[in-house]
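The structure appears right after this line, and notes come after that.
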Amino acid sequence: MHYERFARLIATGTLIVSASWACARPVAPVVVPERAPQDSPCTVAAAPPSAPETLVVALPPARSSGFSAPALFDALRFEAELTRETLVGVDCTGAIVPELAESWEIDSARNRWTFTLKDGASLTNGDPLTSREVFAAWHATDLDSLQAAVRESLVALDARRVRLTLPAGHARLLGSSRLAVLERAPVDVPDDASISARVAGLAAPRLGRMASGAPAVIYGAISPATDPRDLVDRGVDILFTEDPAAARYAAARSEYSVHELPPQRTYALAIPSSSSRDESLDFDLDDVESLVRDVVRVPARPASRPPRWKDFATCPMSPGVESSAQPTLPRVAYREDDPVARAIAERLVSLASRSTEGPLQSMVQSSGGGTLAAEALSPGEFLGSLREGSRAAFVVSTPARPLAVCQAFANLVAAVPWAFREGVRGGGLVPLIDAGAWAIVRRGSVGLAATWDGTPILSTSAVSGSAP
Amino acid sequence: MSFRARLLAAIVVATLAPLVLFAFGVRNEIGSRLIAQHERRIAALTSVIEQGLAREDRELTRRLATLAAAMPDDDRLRAGVLYAGADRRYVLDYAAQAMDLAGLEVLQIQDANGRIVSSGHFRNDFDRLAPELMNGVRAAGDRIALARLRTPEGPVLAFVRADSVRIGGQQFTLVGGMLADRDLLGTFGGGIDVALELATPNDTIRQAAAEANGAVVREMALPFVDGVSGAGASTSTANLRIMREAGEARALQAGVDRWFIAALAVVTLGAIAIGVFLSARLSRPLARLAHATGAVSLEGPDLDVGTERGDEIGVLARRLASMTRRLRAGALQLRDAERRATVGDIARQVNHDIKNGLIPIRNVLRHLTEVQEKSPDELPAIFAARRSTLESSVGYLDQLARNYARLTPRAERRTVDLVAVASEVVRSASAGGAPVQLRSNGRAAIHGDPIAVRRILDNLVRNGVESLTSENGSVTVGVESQNGRVRVAVADTGRGMTEEELARAFDDFHTTKPAGTGLGLSVVRRLTSDLGGTVRIESAPGKGTTVLIDFPSGRE
């Protein structure tokens, strides 16, 4: 009895003391988050109990660059996640997770973050990782304006602690690979017969490593002449693909599991004639569902509402164009190298032919009337016409959940200036669907988790995420 | 118009007329044959096109039938169309794959209500109601139809057929076909000579080679279904026309005409060239003859216009030359006669004047003679008294001689080719049939009056010819140059002269001929003397006469 009373007293006292202590300090308590568990919402594929020594990862073929690069799987970001380490990461829920920094303190009043580097963190040569290396890494890379401002605010408190100022709402910026501290540069794949057989069909494969003690990762883009299903037949460990035929084939193979990755691109309809209204046009939800279900052949879901560019309120906006766009052709234009955009455009043309009113019909009337038709444009022509707003509508794609939100926003304003003028933010931009790719995983090889922007990270039971 | 121009015109006309007639005939014949061949080719191509269209129709029918036969065996398709939500994407993608496998370019699968279940040419046009298309194509029956279909990029025309299939008790209609574009029209046949034109109520499609205003050879009506205008659109008619290139026949004829004109131009130019050449060659001798005739001078050289020709022009030239020589000779004789007449007149005048001058001298002499006989003592006084009369008469005669000396014309003096002059004299004499020949050792020139030389030779040759007594006689004119002198020898084989005749040969008015003037040799001597030469005669009765004249050689 006395023991119980004494324990209760101690607990209460501790509680009171802790509460008093918390109220007395103006700064937030030290955050020591735990690693994301295996069954977290960010888990795409569960990690197996054991991992092979080497993993072979096949990436989708590279596509042309330019604004709104239409790739549904950003291979560069995957490689960055594989080879670079930042202070912290951002998981799919937006939560900050530790990487090179094991803990951090947040001064909300002054937007200051103080990071404590992981004890035992070392460079590739074995030297301990210190705040000096953080400084050096951030000053050796090109950053956008917001990232550069963060860099300028960086202060080394001691060998293991750094402090920086981060605008409110931009914590995810810290997960950008631009702010990587360590980079484990990939190397050429050794000339080994067994490896050569496994990487056949990959163009310029590179050898990377998830983390010390983790399996080696051989990754490369699928050669243009290679059928992705051939890689499945050869036993590739992971195949990231937008090809529905490959996904269908792998699903029929018992040794593989097919997973939909979180969407990396948002497809929207840009309608110049509606740009003066700072409100989204409403499309019939059934039509949007039909786009997801029947039209596009990649993993997709209806785009989140309200559109994400509404969230970029804190980002500076350039003036935009002085005059409004004047569409002259009743066309729904799309990039000729984007099959998802093409499918959406064709469906919209079909829907427009069935109705005499609605956003599609008003769009046609505003561009001079006539019969709406789909039009494929080269990337250069598409960007130029989009800036001018010369077509009735454009099918555009933007990053679905960018880490560097203001950079993504600036790109959007630059590409569609007539949608951002005189205080209008995204007038005439109608989000339709979010689209992504598949991950085809050989059972028992490796697990997958996703970051905030949908980039997959490899995980084993020993290693969760890319952090050691 | 000159003779040459008339000759040219005649030759050109004579050459061109038959050629042009022939060329026209050939042109017409070739043109008509080419046109006929072209017509036959058009007919054959038309047949090829009709067969091509029929073949396309059969192929479409066969492919759709094959597809319709295979569809019910596809379990995934069956599940997709019968059960909502099941394998929907497979159904939506089915028409595109089937279209490619069947070799079609358009394919649409519609349910009994006309709702599009799957579309190969417009994959995302699913669930749209389009009963007019399938009803319209079905209404065409066994005929191939032309349909206007939707695609994402806009309406297209296609030759289509329809077929039906039942899956799980539900009726589905397949509308499939090939795009009716220029490429397909080209596969039907045609080409350069004929082309296809497809005319619908909305548009006209032509093969690349077709002309907008070509002539229609055949026209076939096809059922036309507008699948774009929407519900309520009725089936109308489109026309497939086989067009003949309007310009092809014209081009053929134009080609023949071009060659005809080119050949005609070449022939004309050739005829003109030949005419010019021939007319020039034919008229040149006449022109030369005319020119030479115009230049004939009684004092100039003889007419020489190529008398070597053996044709009529040569005969004309030679006769003209002969006539000229005779005219010249006659003129010479006339001039001679005039001169003689003038000389006679002058002689009579001189005689008269001299007599007038001599009579007082004779009277004085008679008086003095009479005084000398009768009163010789008074002779000195009478002589003194009559001396002035004598001196006056002498002075009168002296003045008379000076006056008559002024009447002598100045002779032309230049280098004279004696051989040439002798040749002319011989030719002239021979033309009259006289047996005169020339002998010379080359060119011999003297300095003097060519007329005088000619007169000398004429006189001597005439004398020689007139002295011939038999038909075998001859006169030879010899000219030779040696040692700085030129000797002319006119020798005849006539009757010769006696010594008495020889002594008086150069006397004026001495003649042995009944009609002679007796001045010939005197003139020869005088003229020879004027030329600085000498003349002598060698003759004997019965042995002919040779007149030898020596001239000093003249430098050219």
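Every chain is numbered from 1, with letters handed out A, B, ... down the list of sequences.
Here the closest heavy-atom approach between residue Glu346(A) and residue Asn124(B) is recorded as OE1-ND2, 3.6 Å. Val296(A) approaches Arg89(B) most closely through the heavy-atom pair O-NH2, 2.6 Å. Minimum heavy-atom separation, Glu153(B) to Tyr334(A): OE2-OH, 3.9 Å. When all heavy atoms of Gly154(B) and Ala373(A) are compared, the pair lying nearest together is N-CB, 4.0 Å.
Residues forming a side chain to side chain donor-acceptor pair (under 3.5 Å) with Arg166(B) (at least two apart in sequence, or on another chain): Gln171(B).
Note that the CZ atom of Arg297(A) and the CZ atom of Arg123(B) stand 4.5 Å from one another [nearest 0.5 Å].
No more than 12 heavy atoms of other residues, nucleotides or ligands shown are found within 6.0 angstrom of CG on Asp142(B). Crowding of Arg148(B) atom CZ: a count of heavy atoms from other residues, nucleotides or ligands under 6.0 Å exceeding 12.
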Quiz prompt | side-chain contact (heavy atoms from CB on, under 4.5 Å) assessment of Asp127(B) paired with Arg354(A) | solution = CA-CA 10 Å; Asp127(B) 289 344; Arg354(A) 310 176 196 195; 3.8 Å; yes

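With a threshold of 4.5 angstrom between heavy atoms, Phe126(B) approaches chain A through its backbone and through its side chain.
Residues of residues 92-111 of chain B lying within less than 4.5 angstrom of chain A, judged on heavy atoms, are Leu92(B), Asp93(B) in numerical order.
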